[in-house]
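Worksheet for the structure shown next.
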Amino acid sequence: MQSETKKVIRLILSFLVTGNTLIFLILAYLGFISNNPKTLIFIDFWGRFTVYSFWFVSYALYVKYLTNYTFFRRCVIAVVCINIPLFLILGYVDAFTLDAQTAVFLDFWGRLTVYSLWFMAYELYREYLSE
């Protein structure tokens, strides 16, 4: 495939993933996404797809644009490292109100947090432990 065609495809995919994430979060914010048992499987599937897609695109952008810049790489790592205990501590001290509207956001944030931990572990392994 030609370089220009690959750029266009990457741009389209990035646009679709970002658009999908925005649509999902906006619909959740407006209360159009519920935990109704009839739609729960669809919402869970769509939510997971959205989070996975968002994370992979974010990770690809991180690797492509930020890994060569120590300051920005450390900023991203710091945000991820702060987010993990922040999410867990806020959950532990019951700082979240769990209702139909916030459940979608908490699930989204929780999944991002878990994937952040996995990618941090992967990067640590890839950089310092693999041969």
Side-chain angles (χ1 to χ4, degrees):
M1 224 179 237
Q2 294 177 348
S3 173
E4 191 62 33
T5 304
K6 286 182 180 182
K7 282 184 181 179
V8 170
I9 291 171
R10 279 194 298 259
L11 183 63
I12 290 170
L13 290 174
S14 296
F15 177 75
L16 288 173
V17 167
T18 304
N20 181 56
T21 303
L22 288 173
I23 289 169
F24 183 82
L25 293 174
I26 289 169
L27 289 175
Y29 178 75
L30 295 175
F32 292 117
I33 295 178
S34 70
N35 290 329
N36 180 334
K38 290 185 178 186
T39 61
L40 194 57
I41 291 173
F42 170 75
I43 296 304
D44 189 53
F45 177 84
W46 187 22
R48 288 175 196 257
F49 176 74
T50 301
V51 173
Y52 291 150
S53 301
F54 180 74
W55 230 116
F56 284 118
V57 167
S58 298
Y59 180 71
L61 292 172
Y62 165 78
V63 168
K64 182 171 182 161
Y65 295 110
L66 299 178
T67 54
N68 294 330
Y69 300 99
T70 304
F71 174 77
F72 293 117
R73 188 177 69 237
R74 287 183 181 167
C75 287
V76 169
I77 291 169
V79 167
V80 170
C81 287
I82 291 168
N83 178 55
I84 294 167
L86 175 69
F87 181 77
L88 294 173
I89 290 168
L90 288 174
Y92 183 76
V93 298
D94 291 327
F96 301 126
T97 56
L98 192 57
D99 58 29
Q101 193 165 359
T102 60
V104 175
F105 290 104
L106 289 174
D107 185 60
F108 189 87
W109 184 14
R111 290 178 196 275
L112 282 177
T113 303
V114 169
Y115 305 149
S116 299
L117 178 61
W118 275 108
F119 275 94
M120 292 289 287
Y122 169 73
E123 282 295 302
L124 177 70
Y125 177 81
R126 189 179 66 77
E127 282 288 321
Y128 301 109
L129 300 175
S130 69
E131 294 182 17

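For this chain, numbers begin at 1 and follow the sequence in order.
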**Study point:** Mutual orientation of the aromatic rings belonging to Phe96 and Phe87 [parallel < 30°, tilted 30-60°, perpendicular > 60°]
**Key:** tilted
Review point. Going by the angle between their ring planes, with limits at 30° and 60°, are Phe49 and Phe45 parallel, tilted or perpendicular?
Key: parallel
Point to revise | Remaining members of hydrophobic cluster (4.5 Å side-chain criterion), Ile12 | key: Val8, Leu16
Of all the heavy-atom pairs spanning [X] and [Y], show the shortest one and how long it is.
| X | Y | result |
| --- | --- | --- |
| Ser116 | Val80 | CB-CG1, 3.4 Å |
| Thr50 | Asn20 | OG1-ND2, 3.0 Å |
| Thr97 | Leu106 | O-CD1, 4.2 Å |

Review point. Is it true that atom OH of Tyr29 has more than 12 heavy atoms of other residues, nucleotides or ligands lying nearer than 6.0 Å?
Key: no
Review point. Considering residues, nucleotides and ligands other than Ile41, do more than 12 of their heavy atoms fall under 6.0 Å from its CD1?
Key: no
Point to revise | Of Phe56, Tyr62, Tyr125, Tyr52, the residue whose pairing with Phe119 passes ring-ring contact (aromatic ring centres under 6.0 Å, His included) | key: Phe56
Point to revise | Polar side-chain atom of Arg73 near backbone of Thr67 as donor-acceptor pair, under 3.5 Å | key: yes
Review point. Would you say Ile23 and Trp46 make side-chain contact, with heavy atoms under 4.5 Å?
Key: yes
Exercise for review: State, with a plain yes or no, whether a side-chain heavy atom of Val104 is found less than 4.5 Å away from one of Phe24.
Suggested key: yes
